[in-house]
Amino acid sequence: MAHHQLKHVLSTKQFLNKRLLANLFRTADELARKDKTGRLHKILTGKILASVFYEPSTRTRFSFEAAMLKLGGTVITTESASHFSSVIKGESLPDTIKIISGYVDVIVLRHHEEGSAQIAAEASSVPIINAGDGSGEHPTQALLDLYTLKKELGRTDKLKIALIGDLLYGRTIHSLLNLLMLYKNTKIYLVSPPQLRLPAKYKSQLKQNGIYFEETSDLYKNLDEMDVLYVTRIQKERFGNLRQYEKLKGSYVINKVALKRLKRHAIIMHPLPRVKEVAAEVDDDPRAAYFRQARNGLYIRMALLDLIIKK
Ligand code: NCD
């Protein structure tokens, strides 16, 4: 896919192109370098980003907004968009987006319904960036995740990756899997309680793409072979039945005991926020990559804004 064809960012399926990814990562590297030496160009002066969030967020919203500000643009925001309309139905979203897209140059949208970003894109006259649509996707998170693999391990292929936690509802998992399918020699270990297994549609895509994967509920089964632990929060807000959540919430904890089993050069990632699935005692271990990962988000989001906002 050529750069100029990338209008919206809705799914990581738009990024299944190694050259596009390499360009994006190179731009992120360059922006990081310039930021650190105070030499960033204000390439987005006069441009406006609207962040429209119907679900809570800290990192995603702030990192997009900081990215925009650092590039010279400005930001308008509504962080609790759902409070403005008690029943969010499909029909209200296109109207909202139609209006906002008349005011700004890019819209970052987080919404609780799967498919909402696509609906918004159809109504919008400016690029829509999907910052999470229910249990669907969270493409910019997956891009920064892949960028983190590259930076931390020096490669994105020939990896054994354990995806741990809520594989059913975790949208960062869904988006990341699309990208990992680009690398045929990746081995994926799906670690979840039986109730929170990866949806069948993703498993059949893994099969179609010839990607090796295993499902287990036992965190310790292959732990000592893993290059990457990608740990996720059990997505409380997606449960209809909170008793079920209570039962599953403590399923996995990465702690010092787990660290002992892990390879010396493995890394632990987490999109954050964590609840208790990564113990604080892990934070000081050099393999704990999640805070570096969050920081990488700033530069990936700057690179994406640079790529999609018309100048
Ligand atoms: C994730 C999300 O919103 O899907 N958070 C984030 O953007 N880093 C993960 C989560 O909420 O568990």
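This structure is a prediction, so every number in the text was calculated from the model and none was measured. Atoms within a ligand are numbered from 1 in the order they appear, just like the ligands themselves. No hydrogens, no waters, no symmetry mates; every other heavy atom, side chains included, goes into these values.
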Between Thr148 and Asn296, is there a side-chain donor-acceptor contact under 3.5 Å, judged purely by atom types and distance?
yes
Is it true that the side chains of Asp145 and Gln293 contain a donor and an acceptor less than 3.5 Å apart?
yes
Smallest heavy-atom separation, Leu298 atom then Ala67 atom, equals CD1-N, 3.6 Å
If only side-chain N and O atoms count, and only distance matters, is there a donor-acceptor pair under 3.5 Å linking His112 with Arg238? no
- Donor-acceptor pair, side chain of His41 and main chain of Ile43, under 3.5 angstrom: no
Sorted by chain and residue number, the residues with a non-hydrogen atom under 4.0 Å of ligand 1 are Arg59, Thr60, Arg110, His138, Gln141, Arg171, Thr172, Arg233, Gln235, Pro271, Leu272, Pro273
Can you tell me how the ring of His270 sits relative to the ring of Tyr290, calling it parallel under 30°, perpendicular over 60° and tilted otherwise? perpendicular
